[in-house]
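Just follow the structure's listing: the first ligand is 1, and inside any ligand the first atom is 1.
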Amino acid sequence: MKTAVAYYSLGGTTRSYARAEAKARNADLIELTPKTPYNRFTAFVRGCLEAVKQKAVALDGMPLFVGYDRVVLMAPVWAGYPAPPFNSAVELLPPGTEVEVILVSGSGNSEKSRAKVRLQIKKRGCTLTAQRDIRASR
Ligand SMILES: Cc1cc2nc3c(=O)[nH]c(=O)nc-3n(C[C@H](O)[C@H](O)[C@H](O)COP(=O)(O)O)c2cc1C
């Protein structure tokens, strides 16, 4: 099964988990880079609003998920929702792809946002096979 691990990370925590995940699965590692990068400030004032609205932002380059049987999407949780580059990646998934979602947060994730992510993947015509939350203490 050909697998890609696609991730966004602002502070590096999700990157570490994504690297480990890709290594363990022998998967390709794809970094999602927003065209307009976030910093701590813009992440809070702009990114959180975009995250809550499940808004996609323009990415630098076009990650191609064609040819993968499974894509593992990883992102930090911002204001309870996946950081916006996660949404951009979902929009690029070929329908029919098996998807796993792994979100990294400081204090966990709500069931409401988990349900919204499930719906988002379903609307894309993809199958969510696993949904995991990592509580990262730093
Ligand atoms: C803008 C912003 C919003 C955040 N919102 C939440 C939140 O709602 N709930 C939570 O548990 N952690 C929240 N966090 C913490 C991050 O999810 C957590 O530190 C994560 O590990 C960061 O991953 P990264 O280092 O890959 O960017 C937030 C962090 C940032 C920068």
Side-chain angles (χ1 to χ4, degrees):
M1 174 163 283
K2 196 163 186 268
T3 304
V5 173
Y7 75 95
Y8 170 71
S9 179
L10 176 63
T13 308
T14 310
R15 180 176 295 112
S16 311
Y17 283 109
R19 281 187 179 149
E21 203 67 41
K23 200 170 170 199
R25 295 162 183 262
N26 199 17
D28 292 344
L29 188 63
I30 299 172
E31 181 166 12
L32 305 166
T33 312
K35 221 167 218 150
T36 309
Y38 295 99
N39 56 40
R40 288 265 151 196
F41 178 71
T42 57
F44 276 101
V45 298
R46 175 167 63 85
C48 284
L49 202 67
E50 292 165 343
V52 171
K53 289 184 178 166
Q54 292 188 293
K55 191 177 171 235
V57 291
L59 296 180
D60 211 9
M62 181 76 97
L64 281 183
F65 300 123
V66 178
Y68 291 102
D69 307 295
R70 175 178 295 166
V71 175
V72 182
L73 293 179
M74 299 182 67
V77 167
W78 287 359
Y81 286 82
F86 172 96
N87 304 318
S88 318
V90 171
E91 289 190 354
L92 294 170
L93 290 171
T97 308
E98 270 190 23
V99 180
E100 286 184 38
V101 171
I102 303 176
L103 299 180
V104 182
S105 69
S107 57
N109 202 0
S110 75
E111 188 42 46
K112 185 181 166 201
S113 113
R114 286 170 58 86
K116 281 197 158 185
V117 167
R118 284 197 290 275
L119 190 64
Q120 184 183 16
I121 303 291
K122 197 177 163 190
K123 275 190 181 158
R124 184 66 202 166
C126 295
T127 310
L128 185 68
T129 55
Q131 190 176 23
R132 190 147 60 86
D133 295 303
I134 296 174
R135 241 173 111 155
S137 47
R138 9 165 72 213

In terms of side-chain heavy atoms, does Tyr8 have a donor or acceptor partner in Glu31 at a distance below 3.5 Å?
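No, no side-chain donor-acceptor pair sits under 3.5 Å.
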I need the atoms of ligand 1 closer than 4.0 Å to a non-hydrogen atom of [X], numbered in the order shown.
X	value
Val104	17 (O), 20 (C), 21 (O)
Leu10	24 (P), 26 (O), 27 (O)
Gly12	24 (P), 25 (O), 26 (O)
Ala43	1 (C)
Gly80	7 (C), 8 (O)
Gly108	11 (O)
Thr13	21 (O), 23 (O), 24 (P), 25 (O), 26 (O)

side-chain hydrogen bond (donor to acceptor under 3.5 Å, both in side chains): which pairs involve residues 55-77, sequence neighbours left out?
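Residue pairs passing side-chain hydrogen bond (donor to acceptor under 3.5 Å, both in side chains), neighbours aside: Asp28-Tyr68, Arg70-Glu98, Arg70-Glu100.
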Within the structure, is a non-hydrogen atom of Arg135 found at a distance of less than 4.0 Å from ligand 1?
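Flag not set, Arg135 not near ligand 1.
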Tell me whether [X] has any N or O atom under 3.5 angstrom from an N or O of ligand 1.
X	answer
Gly11	yes
Ala79	yes
Pro76	no
Thr14	yes
Trp78	no
Val77	yes
Ser107	yes

Polar side-chain atom of Gln131 near backbone of Arg114 as donor-acceptor pair, under 3.5 Å
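Yes.
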For the pair Ser113 (side chain) and Tyr81 (backbone), establish whether a donor and an acceptor sit closer than 3.5 Å, ignoring hydrogens and angles.
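Checking the backbone N and O of Tyr81 against the side chain of Ser113, no donor-acceptor pair under 3.5 Å is found.
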Answer side chain, backbone, both or neither: which part of Cys48 comes under 4.0 Å from ligand 1, heavy atoms only.
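The part of Cys48 near ligand 1 is the side chain, not the backbone.
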